[in-house]
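Heavy atoms only: backbone and side chains are in, while hydrogens, waters and symmetry mates are out.
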Amino acid sequence: MPAFVRLDWESNRAMKKIEAIIKPFKLDEVKEALHEVGLQGITVTEAKGFGRQKGHTELYRGAEYVVDFLPKVKIEVVLDDAMLDRAIEAIQKAAHTGRIGDGKIFVYSIEDAIRIRTGERGADAV
């Protein structure tokens, strides 16, 4: 068995993954809000999509066309279960505009995490 494998289950405390789809101009506010609640790392991906509003129409050089994939940003955060509610609340408050298309937050259970460099596992790896 490799030396870096930890057999204590304490390192595998419950973890969650939050995926939030938000409006791009809200990214800095959400990043700052997550930092304020103590989260150190996030992953951000540019995305396009639509929800119930199914896009919108725009006028370009006199012709009307449908923009059905709107620009969005996907934020991914893996965190200890104990921080989940604070992180969700921070994202909701920072991303809220009150208008259609504010986004969604999805929460997943994470079975394990491994830091490649050190072999740390569980919440220690996050």
**Request:** Could you grab the distance from atom CD1 of I75 to atom CG of L27, nearest 0.5 Å is fine?
**Result:** 5.0 Å
Got a list of side-chain donor-acceptor pairs under 3.5 Å for residues 31-51, not counting sequence neighbours?
none

**Prompt:** Hey, what do you get for CE (M15) to OG (S109), rounding to the nearest 0.5 Å?
**Reply:** 10.0 Å
**Complete:** Minimal heavy-atom distance between D124 and R115, with the atoms involved, is O-NH2, 3.2 Å
**Complete:** Minimal heavy-atom distance between V73 and P24, with the atoms involved, is CG2-CA, 3.5 Å
**Message:** So which atom in A20 and which in I91 form the shortest heavy-atom distance, rounded to 0.1 Å?
**Reply:** CB-CG2, 4.0 Å
**Backbone of T97 reached by a side-chain donor or acceptor of D102 within 3.5 Å** = yes
**Heavy-atom pair with the smallest gap, counting every atom of A125 and A113** = CB-O, 3.6 Å
Output a table of donor-acceptor pairs, distance under 3.5 Å, between side-chain atoms of residues 78-87 and any protein atom two or more places apart or on a different chain; print 'none' if there are none.
| unit_1 | atom_1 | unit_2 | atom_2 | d |
| --- | --- | --- | --- | --- |
| D80 | OD1 | R13 | NE | 3.1 |
| D80 | OD1 | R13 | NH2 | 3.1 |
| D80 | OD2 | A82 | N | 3.2 |

**Fill in**
One should read off an interatomic distance between H96 NE2 and K23 NZ, to the nearest 0.5 angstrom, of 9.5 Å
**Asked** What is the distance from atom NZ of K72 to atom CD1 of I22, rounded to the nearest 0.5 Å?
**Response** 9.5 Å
**Message:** Return the CD to CD1 distance between E76 and I21, rounded to the nearest 0.5 Å.
**Reply:** 8.0 Å
**Item:** Interatomic distance, E29 atom CD to K93 atom NZ [nearest 0.5 angstrom]
**Value:** 13.5 Å
